Amino acid sequence: MINRRDFIRNSGIVLGTAAVGQSAFANPTANKAKTIRVGLVGCGGRGTGAVFQALDADPDVHVVALADVFQDNLSNALSALNAKYGDRIEVTEKTSYLGFDAYEKLIKSDVDVVLLCTPPNFRPTHLSLAIKEGKHVFCEKPVAIDIPGLHQVEEAVKLAKQKNLSIVSGFCFRYSFPNRELISRIHGGALGDIKAVSTFRHGGELSYRERQPGWSDLEYQLRNWFYYQRYSGDMIVEQTIHSIDYMSWVLNNELPVKVTATGGRQSRPWNKYGNVYDHFTVEYEYGNGFRGFHFGRQQNGTTSRNTVEVMGTKGYANVAINSSYELFGEQPWKNEQRLNNMYQTQHDELFKALKEGRTVNDGDFMVNSTLLAIWGRASAYSGKTITLDEILNSKEQLGPSVDNYEWNMKADELPIARPGSYKFV
């Protein structure tokens, strides 16, 4: 069982050397060729964006392999890459991997860095194999959709540290320069003792693909994966987790002692758009009267909001993501610098570290923040207050093992959760 102390560790940049059998870029000074060989698992919109950012991060990055379950995703990504980057794209028919086992073939191929951008239910298995095979990783958030999967990720993070492998996560707010400056000032005491944190992520619904002739139930769901518990873990785990991660960052990745949440489905019809909620409200209780609050909503026609507020004994912070960053009180501050592209910065820093013989490991905080999101969902679904020990010992698995996926398998048939009837396991 994972205990509280195991989870509460801050990540950082560590000087490292290569372990036996690893990619040469675990120790770049030992590599005579400068080329960094990159493979992408998951060629949808986010994956294609990530691989473009990897190529823009360093001129020595070459993309050598692609993997996806859908031929059109893979073909579209390859066409876009060839059109922009020419001879830096070395993907061949042999290194274009298709199917549910495509990830394994790519990870076991001759790549230095793997970009993991599939739906998050696949992440624990994909990440574990990548680290086992000695690959550096960029992985999108979240890193799991249930607690058994999260335990698998934590083991992979430990192994990555032993092997001096980099893991950069998709928690992009931590790669925003204004966010970093503001958090540094908060941690330096600018607001005094923190008394409360609230986060809002209110917006509209995500895109939706109408069912096409010939699509099986499974294909239809995978084309609309964020509307299904099995693949996304619900909106709080898949999207609004960014806000929860910000709260955790403010609090130095400390974990609460218990969580009470509510949520539901008000705007979406119950016979369409899968089995996820369209709103959540969560109270994270940290002890000594301190609480953090998260509000998430995906409903068309409603007011959008993406903010973080921090209250302290010496002042307060107001953040409107991608807009304004300001501290008020005894040590006021306001960001006046141009915003950086935090998505690009993730890759810039990953590949710079590889070139310089350093490792970047986001593993500890990406595990913690994913835990907080899963915890909030479990409380909202069940209608119960859930303690830290209870959530860490959860046995619930939202779907089958990655190795059991095949096109004739049953699709996600989980019901929309009804608090009071849903049983937390």
Side-chain angles (χ1 to χ4, degrees), residues 1-9 120-121 124 141-154 196-201 228-230 232-265 275-297 364-399 414-425:
M1 182 187 76
I2 298 174
N3 60 39
R4 191 165 188 249
R5 181 171 294 176
D6 288 333
F7 268 81
I8 305 171
R9 299 191 187 116
N121 63 304
K141 57 73 193 142
V143 293
I145 61 168
D146 52 37
I147 297 302
L150 194 61
H151 290 332
Q152 186 180 357
V153 170
E154 197 207 20
V197 181
S198 64
T199 66
F200 286 79
R201 182 64 182 268
Y228 291 89
Q229 296 173 34
R230 178 192 285 184
S232 71
D234 213 311
M235 58 167 282
I236 189 173
V237 178
E238 192 281 318
Q239 185 198 50
T240 68
I241 188 172
H242 281 297
S243 301
I244 294 170
D245 176 62
Y246 204 121
M247 178 191 72
S248 187
W249 190 15
V250 169
L251 301 177
N252 275 308
N253 306 313
E254 178 73 20
L255 289 177
V257 295
K258 60 184 178 181
V259 170
T260 303
T262 187
R265 184 159 168 151
N275 53 18
V276 296
Y277 281 4
D278 61 11
H279 67 280
F280 285 88
T281 301
V282 190
E283 176 193 68
Y284 294 95
E285 186 173 338
Y286 286 81
N288 299 320
F290 178 83
R291 289 169 170 80
F293 301 93
H294 170 65
F295 305 84
R297 182 174 66 198
D364 293 324
F365 75 71
M366 77 185 191
V367 168
N368 276 19
S369 295
T370 301
L371 170 66
L372 292 177
I374 294 171
W375 196 350
R377 181 197 67 216
S379 178
Y381 276 13
S382 64
K384 304 290 187 181
T385 296
I386 298 175
T387 67
L388 178 60
D389 285 342
E390 288 172 334
I391 193 65
L392 290 181
N393 286 286
S394 172
K395 301 298 189 293
E396 181 180 50
Q397 292 180 277
L398 295 183
L414 293 171
I416 299 171
R418 295 176 181 266
S421 299
Y422 174 93
K423 301 299 182 183
F424 169 70
V425 181

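Not measured: the values here are computed from a predicted model.
Using a distance-only test at 3.5 Å, with no hydrogens or angles considered, a donor-acceptor pair links the side chain of R265 to the main chain of V276. A donor-acceptor pair is defined here as one N or O able to donate and one able to accept, closer than 3.5 Å; no such pair exists between the side chain of S248 and the backbone of I244. Side chain of Q397 to main chain of P148: no donor-acceptor pair is present (N/O by atom type, distance under 3.5 Å, no hydrogens or angles). Judged by distance alone, the side chain of S379 and the main-chain N or O of W375 form no donor-acceptor pair under 3.5 Å. A side-chain donor-acceptor contact under 3.5 Å links N275 to the backbone of L414. Judged by distance alone, the side chain of S394 and the main-chain N or O of V425 form a donor-acceptor pair under 3.5 Å. Remark: the backbone N or O of Y284 is not paired with any side-chain donor or acceptor of K258 at under 3.5 angstrom. In this structure, D146 contributes its side chain and L398 its backbone to a donor-acceptor pair below 3.5 Å. With hydrogens and angles disregarded, a donor-acceptor distance shorter than 3.5 Å links the side chain of R377 to the backbone of I145.
With sequence neighbours excluded, the residues satisfying side chain to side chain donor-acceptor pair (under 3.5 Å) with T387 are E390. Under the rule for a side-chain contact (heavy atoms from CB on, under 4.5 Å), the partners of P419 that lie at least two apart in sequence or sit in another chain are Y277.
With a 4.5 Å cut-off on side-chain heavy atoms, L255 and L388 count as touching. H294 is not listed as a side-chain neighbour of M247, based on a closest heavy-atom distance of 4.5 Å or more. Between R291 and F293 the shortest side-chain heavy-atom distance falls below 4.5 Å.
When every heavy atom of A378 is checked against every heavy atom of S382, the shortest pair comes out as O-OG, 2.8 Å. A380 and G263 make their closest contact through CB-N, 4.0 Å (heavy atoms, listed as atom of the first residue, atom of the second, distance). Contact detail for I236 and A373: the closest heavy-atom pair is O-CB, 3.6 Å. In terms of heavy-atom proximity, E238 sits nearest to P142 at CA-CD, 4.1 Å. Of all the heavy atoms in P415 and Q229, the pair that sits closest is O-NE2, 3.1 Å. Nearest heavy atoms, F290 versus V197: CZ-CG2, 4.1 Å.
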side-chain contact (heavy atoms from CB on, under 4.5 Å) evaluation trace for D245 with N368: CA-CA 8 Å; D245 176 62; N368 276 19; over 6 Å; no

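Rounding to the nearest 0.5 angstrom, the gap separating the OH atom in Y381 from the CZ atom in R418 is 13.0 Å. T240 OG1 to D234 CG: the interatomic distance, rounded to the nearest 0.5 Å, is 8.5 Å. Atom CZ of R230 sits about 8.5 Å away from atom CG of N121, to the nearest 0.5 Å.
Screening T370, L372, I374 against I241 for a side-chain contact (heavy atoms from CB on, under 4.5 Å) leaves a single residue, T370.
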